[in-house]
*Asks:* 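Before anything else, here's the structure in question.
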Amino acid sequence: MINLKTVFVLALLTTATSVSADEFAIDTLDLHATIAADLAEGMEMMQQNLNEDMTSMLIATEQAAEATANVTRSE
């Protein structure tokens with residue numbers, strides 16, 4: 001059987017959670033600004049990495065083409 005202390009504790013917890021739920025608010029504007037800034041930074045880093053990778057690939061392709069041209073001329 002439930003005693004009086006248990007009923008009192010349950011009532012207190014129910015009241016406390018409903019009050020704290022009403023007072024808890026998240027400022028989504030700051031959260032949105034932070035996420036947007038992080039996203040922009042990540043996209044910029046990805047763009048730089050992509051540019052470096054493409055440059056490396058183009059240089060390697062160009063060097064391979066030159067090496068092939070030199071071998072062909074030697075024969």
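Heavy-atom basis, side chains included; hydrogens, waters and symmetry copies ignored.
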*Asks:* In sequence, state the C-alpha distance, the side-chain angles, and the governing distance for Asn3 and Thr6, and then conclude on side-chain contact (heavy atoms from CB on, under 4.5 Å).
*Replies:* CA-CA 6 Å; Asn3 60 17; Thr6 306; 2.6 Å; yes

*Asks:* Between atom CE of Met43 and atom CG of Leu50, what is the distance when rounded to the nearest 0.5 Å?
*Replies:* 12.0 Å

*Asks:* How about Glu41: does its CD atom have over 12 heavy atoms from other parts shown lying under 6.0 Å from it?
*Replies:* no

*Asks:* Show me the pairs that pass side-chain hydrogen bond (donor to acceptor under 3.5 Å, both in side chains) and involve residues 50-62, at least two apart or across chains.
*Replies:* Gln47-Asn51

*Asks:* State the CE-CD1 distance between Met57 and Ile59, to the nearest 0.5 angstrom.
*Replies:* 12.0 Å

*Asks:* What distance separates Thr28 OG1 from Ile35 CD1, expressed to the nearest 0.5 Å?
*Replies:* 10.0 Å

